[in-house]
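Note that these values count all heavy atoms, side chains included, but never hydrogens, waters or copies made by symmetry. Per chain, numbering begins at 1; letters A, B, ... match sequence-line order.
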Protein chains: 2
Amino acid sequence: MQAGANRYAVARSLYSEESFAEEHEKVYRRRKTALDHVKQYFTCDARRAKNAVLSLLPIIGWIKIYRVKEWLLSDIVSGVSTGLVAVLQGLAYCLLASLPPWYGLFSAFFPVVIYFFLGTSRHISAGPFPVLCLMIGSSVTRLVPDESPPANITGFEGLTKDEQRVLVASSVTFLVGIMQLAMGILQVGFVVTYLSDTLVSGFTTAAAIHILVSQLKFALGLQVPGISGPLSIIYTLEVIFNKIQSTNVCDVVISLAIMVAVFVVKELNDRFKAKLPVPIPIEVIVTVIACGVSYAFDFRSKYGVDVVGHIPKGYEPPLAPNLHIFQDTAMEAFPMAIVGFAVAFSVAKVYSVKHDYTIDGNQELIAFGVSNIFGASFKSFAASTALSRSAVQESTGGKTQVAGLLSAVIVMIVTSAVGFLLDPLPKSVLGAVVIVNLKGMLTQFREVPYLWRRDKADCAVWLGTCIAAVLLGLDLGLAAGLGVEVLSVVLRAQFPRCSVLANIPGTDIYKDRKDYVDIYEPEGVKIFRIPSPIFFANIEFFRSKLVEAVGFNPLRILRKRNKALRLIRKLVKKGYLQWTANGFLNTSSGPVKESAEAESDAEGRDLPTDLKELPGRVDWNAELPADIIVPRVDLHSLVLDFAAVSFLDVSALKGLKAALKEFVRVEVDVYIVACDPSVLEKLHQCSFFDDEVRPSMFFLTLHDAALHILSKHPERRQNKSGYGKILTTVTTHHPAGGLRSRDRNAPDPETRL
Amino acid sequence: MQAGANRYAVARSLYSEESFAEEHEKVYRRRKTALDHVKQYFTCDARRAKNAVLSLLPIIGWIKIYRVKEWLLSDIVSGVSTGLVAVLQGLAYCLLASLPPWYGLFSAFFPVVIYFFLGTSRHISAGPFPVLCLMIGSSVTRLVPDESPPANITGFEGLTKDEQRVLVASSVTFLVGIMQLAMGILQVGFVVTYLSDTLVSGFTTAAAIHILVSQLKFALGLQVPGISGPLSIIYTLEVIFNKIQSTNVCDVVISLAIMVAVFVVKELNDRFKAKLPVPIPIEVIVTVIACGVSYAFDFRSKYGVDVVGHIPKGYEPPLAPNLHIFQDTAMEAFPMAIVGFAVAFSVAKVYSVKHDYTIDGNQELIAFGVSNIFGASFKSFAASTALSRSAVQESTGGKTQVAGLLSAVIVMIVTSAVGFLLDPLPKSVLGAVVIVNLKGMLTQFREVPYLWRRDKADCAVWLGTCIAAVLLGLDLGLAAGLGVEVLSVVLRAQFPRCSVLANIPGTDIYKDRKDYVDIYEPEGVKIFRIPSPIFFANIEFFRSKLVEAVGFNPLRILRKRNKALRLIRKLVKKGYLQWTANGFLNTSSGPVKESAEAESDAEGRDLPTDLKELPGRVDWNAELPADIIVPRVDLHSLVLDFAAVSFLDVSALKGLKAALKEFVRVEVDVYIVACDPSVLEKLHQCSFFDDEVRPSMFFLTLHDAALHILSKHPERRQNKSGYGKILTTVTTHHPAGGLRSRDRNAPDPETRL
């Protein structure tokens, strides 16, 4: 590495945007308009058609490359273990939806089958997802409450409470499916980008709390009506505490025992992940044991334990959704559609990155849409994916959706053959299993201090979402969270830290004046950095900051000058004042005062000072006659650093133009530097320029503008700063002086010659 | 201006952020924390206390400087004319609130008196504002419909329909007042900054449409029930068209005649603004005439024209608001509070700028809050300001709120003495006057094409707000509009135009590679510009764009390399491969294949390639043994231009760090340049750096980084580009060569020597 290599030397002509454009030929590029994109989107050829079809049936893609002898075995292993978990979770999560348990088995079957054909992820296990079940549950309990009579919906007549609930659940699911399918077809899968990690984390934590509360009644063996709507969680807790003395001890014992067991074994599974071939399926084991014990000692009749009860064999005939329920639940279905998809997609993304294959958001939407529509017609409820179950499928070596299909087969076997074995299973067991599985979600509370230390705004989003979702319910909570999140972006851009820049002597570098000891600000020049995009919410903020920075309000100055000017003109006309070579001569000062008083300040006060009828230019910073006082302005140039202005909106354009005009009219030269090409383009489109605001005020870099200013105001040359030096180096074209002067460290080969 | 003055020459040492920090001493500045601001806000001394009191009673401020002999006369003139308009508008706007007309007179009196003492604007005329009246009207008709019985609210018992309506209106007003007062005390006046001009314009246009429709029934002399809620406008129009044949011809004639008259004269007023001392009070004139005619020919009984009817003399006893109505209308009162304040404030701002005095948003909130609370207790309804009335007050020469007070006196005279004269006034006259005054608001439609040409997003906001407000009603519409507006900001920042930069030969300037003909991109270097802030919604977008720009996915490369590496290690162990000075020697290639197959791709695939157990470094771009294929990477340096990154959120931090790591691990040097100090600060706070992502990757400018790269990869020197030249100039320290080489135009004094 040579001596020179750690030095920076440039000599080029000085560039304003205009001179640069003249010297450097620009390639004309036609930007694609929205129309072009649309056209392009709808043009169709054989290849695109083929791809479209293939992307609609991803199975074709991966089944071709299926390596039977390598993958099949692990798929089988994974499928079986996933299936067992799916059965259990199906029953358990059904309680969240406050439906009879066995419907959960349907939800663990139909969607999986469809997803096998349409899904692009090879590792997620479709089926019930607790948060979604809970959201369905709240609609269900809203329309078909436990204690009061159901909402009057045509179609409810002659149905038992459970049938009504199933009808509601499947109708909502159907609606969710339609929405997801529609979104998939409209290719709006990108909406999930608005659910930031922070938001999702806060939201799922809130969901975990809701789930916990909803499962308490099973763990304690209490009869608690499902309450829905804002603050429902408070009311539910109230009811539980009121009934606390009627707790069923047997249930409590069971659930505690199971929680401890499951918790411990899961910890061990994590600890010895490496050593274990497959994680111990503890949920399944405890369930089997619990079934046995409960059957042997007849918990149900002896201790009044609430058990799963009779599970009918086989499947039920399809069911048409109820349109009236559509109307009633549309507002709730939409967040479900979003949440269900978002969760599934984010899990799928994790695995796709890990195993290095691509997933397609819109295809996922279609897959889940169809799954839900199809499933709903067979009385299953909204499907997404449970993180825990997917983890099982992947960790037990699942390679493709074949594993998913096999898990569905297991579920089918249970439904159609051995379901009766689960009859004596206490619901408290299911509750306990669900609660223990919340650990992961609840530990997300750790994020709060983490976020607080890193980014207050993000922390606010997390807390806002979580608290809103806990109190208002999950759907409203999600909306509120989104609002806070979007607002946080606006706020970040709205109140940036403005700064006045100055030159680091002997360099072309400009830093915050206040930040450095040895820094030089040429007199009469202000360099103001706008450190964020400009839009309706912050344009006024910037204008005030700018006025603060330059230390005077140009508009006020302008008015004072115009007023003074009109007065002077009048006095000159009347002959009280006389124009002489060196300014004004005050002939008689008597009536000046009055006429000054009488001076009306109405018309033309904001127009640029026009000097017609006056023999010469008034030097505002000189002494004025007839003791007219106009504040001095010792600023001759204002430079705005636009480097960080990534966009402007119309309000910003107006405000900016007004601000610039004000300065131009008090004879301050305004320069804008480092303006993004797209912004500059936009300014031209929006006829931003006129005879006061000219394109010539745009310069390439701060230093270009600064040098231009210095050459325009040469009196600045005299002073002893790096600036003068630079200019010297420029004029004499002998950089050595410049170099020597600022070579503190680093021996300079040149100076030695 | 000397020859040298239009040249740019710099010679300084090369700066990374670190080396710069070493060389330039930084001033330690303690940033104010939120806590400090709070403290500062609550510290109190005599001066602040005094100011606080004064700011609470602005009248003290301006009454002291009141110039009686100059201002009083014009205030009186303005006060009288404003008063007459106020009477008329009071009656007219009352119809919008679907209340008996004379209550409008109260609203034109009480708020004005309070505003006289508390308001900071000297030119706006407080009182009824059509949009606000309409919003109140919708709540009124919701709770007390024309045809169906009123909502069952305790307090309605034994009241006539009109009394119930007045109770509703005054209660809502009271609530609005409380909200405004609260906002004022909490100093949240800044919320209006979120109501951009575009939004307000769209909103008021929608309001104008609502008003037009609501007045049609009076202009046509029809009986139409007031309908409220979403789509109410559609239903109203439906009703009107169904009843169209029962139109009262007399009413139609009257209103048409008046509309024409008023319209024409208003045009004349505008045309001859300069010549007229005060604009012709045409509304007042036509009203007087209409009254006379209607009385003379007894329109009421002859033609069944609906007239104002008996106006009771004097004021009514105060009335306590009804708390049940508070509950029912809270959701509607909030938007009223915002809209009422926002409009008044924006009008006030216009005049304050024009006449060069300051107004205080929070004080305005307090003023209107108190006005409404006080007014409501005397059965007036929500006050803001009507643009037309304020225009009258200002254009007729009003100088201070004294004019406002006088207008209130006029209104009082009408109320307490001469009100009966207005009894025969047909409502169609009022309707016609209101409709004609909508001209201004409706012409705002012109903005749509204007905005469309300038900024599509803003146009969308306008249309979104207007359509939503028309269809959903004003309150929901406002909310929707705000949503669209805030979202537009996010979208602007979300999909910026990324670009790959390259060097303009012979300069330190970097531009979009595709934009210029003569541009040089050093091989092995990519310069990627991130043209907007980075946050949760666009981090993934940037990562994909970056991968696109560099042309390979670093993660995939890394995996392929690690896989290959494990394989090589294995083969070396087994002795199939041999390490020689110049790479690998493939001893026998037989079993290589199988072992390649058997290679599992599970663990450690994303970790940096570790080379232990290997005698030397593998050159990935060289030929690899055992026909292992790993894609070549001919990129050695990646530069990210952060000039426009004004903020980062936590998601962005995570994503950015991950992206950088991926590149670092495939042995691509990453540099970040022109990073905003506050962003850099944040990165340090958030422990962004580790042994792979190092602070040393930050450089001051693109050119610094580029030169650093070139000195690190000297082989690039050979080529014949401006770059080489720069480097030459640096090493030899003789800029002339550099100069001569690129001096196309502009004779260079130096070269001639």
Side-chain angles (χ1 to χ4, degrees), chain A residues 1-2 4-14 24-27 29 193-194 196-197 451 454-455 458 486-487 489-490 492 496-497 504 506-509 514-517 531-532 535-537 643-644 646-647 649-651 676 678 686 700 704 707 711 729-731 733 735 738-739 746 750, chain B residues 1-2 4-14 24-27 29 193-194 196-197 451 454-455 458 486-487 489-490 492 496-497 504 506-509 514-517 531-532 535-537 643-644 646-647 649-651 676 678 686 700 704 707 711 729-731 733 735 738-739 746 750:
Chain A
M1 190 142 161
Q2 313 79 344
N6 65 347
R7 301 201 49 75
Y8 174 116
V10 173
R12 57 170 173 88
S13 43
L14 188 62
H24 298 86
E25 187 187 349
K26 205 163 177 186
V27 183
R29 279 161 64 202
T193 52
Y194 293 107
S196 67
D197 304 352
L451 286 174
R454 272 161 181 56
D455 191 309
D458 262 308
V486 170
L487 209 59
V489 176
V490 175
R492 284 175 201 275
R497 196 189 291 162
I504 302 291
T507 71
D508 58 344
I509 299 164
K514 298 196 194 123
D515 272 349
Y516 290 88
V517 185
S532 93
F535 56 103
F536 64 88
S646 45
F647 63 80
D649 71 357
V650 168
S651 322
D676 183 281
S678 61
C686 299
L700 243 59
D704 285 292
L707 291 177
S711 57
T729 66
V730 176
T731 42
H733 284 301
L739 286 172
E750 218 262 353
Chain B
M1 190 141 161
Q2 315 84 339
N6 65 347
R7 301 201 50 76
Y8 174 115
V10 173
R12 58 169 172 88
S13 43
L14 187 62
H24 299 86
E25 187 187 349
K26 205 164 177 184
V27 184
R29 280 162 65 200
T193 52
Y194 293 107
S196 67
D197 303 353
L451 286 173
R454 275 159 179 59
D455 190 309
D458 262 308
V486 171
L487 209 57
V489 177
V490 175
R492 284 174 201 274
R497 194 188 293 163
I504 302 291
T507 72
D508 58 344
I509 298 163
K514 298 193 193 128
D515 273 349
Y516 291 89
V517 185
S532 93
F535 56 104
F536 63 88
S646 44
F647 62 81
D649 71 357
V650 168
S651 322
D676 183 281
S678 61
C686 299
L700 271 190
D704 285 291
L707 292 176
S711 58
T729 67
V730 176
T731 42
H733 282 302
L739 287 172
E750 216 262 351

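Counting heavy-atom pairs under 4.5 Å between each of Asp458(A), Thr193(A), Leu451(A) and chain B puts Asp458(A) at the top. Of the residues considered (Asp197(B), Leu700(B), Ile509(B)), Ile509(B) shows the highest number of contacts with chain A, using heavy-atom pairs under 4.5 Å.
Both the backbone and the side chain of Asp649(B) come within less than 4.5 Å of a heavy atom in chain A. Within the 4.5 angstrom heavy-atom criterion, atoms from both the backbone and the side chain of Arg492(B) approach chain A. The contact between Asp704(A) and chain B is made by backbone and side chain atoms together, counting heavy-atom distances below 4.5 Å. The contact between Phe535(B) and chain A is made entirely by side chain atoms (from C-beta outward), counting heavy-atom distances below 4.5 Å. Both the backbone and the side chain of Pro531(B) have a heavy atom closer than 4.5 Å to some heavy atom of chain A.
With contacts defined as side-chain heavy-atom distances shorter than 4.5 Å, the pair Thr507(A)/Val10(B) does not qualify. The shortest side-chain heavy-atom distance between Val489(A) and Phe536(B) falls under the 4.5 Å cut-off.
Rounding to the nearest 0.5 Å places NE2 of His24(B) at 5.5 Å from CD1 of Ile504(A). To the nearest 0.5 Å, the span separating CZ on Phe647(B) from OG on Ser532(A) amounts to 8.0 Å.
Judged as a side-chain contact (heavy atoms from CB on, under 4.5 Å), and not counting sequence neighbours, the contacts of Asp515(B) are Lys26(A), Arg29(A), Arg31(A), Asp512(B). Tyr516(A) pairs by the ring pair (Phe, Tyr, Trp, His ring centres under 6.0 Å) definition with Phe20(B), not counting sequence neighbours.
Of all the heavy atoms in Gly506(A) and Arg12(B), the pair that sits closest is O-CB, 4.2 Å. In plain terms, the two heavy atoms of Arg497(A) and Ser678(B) that are nearest each other are NH1-CB, 4.0 Å.
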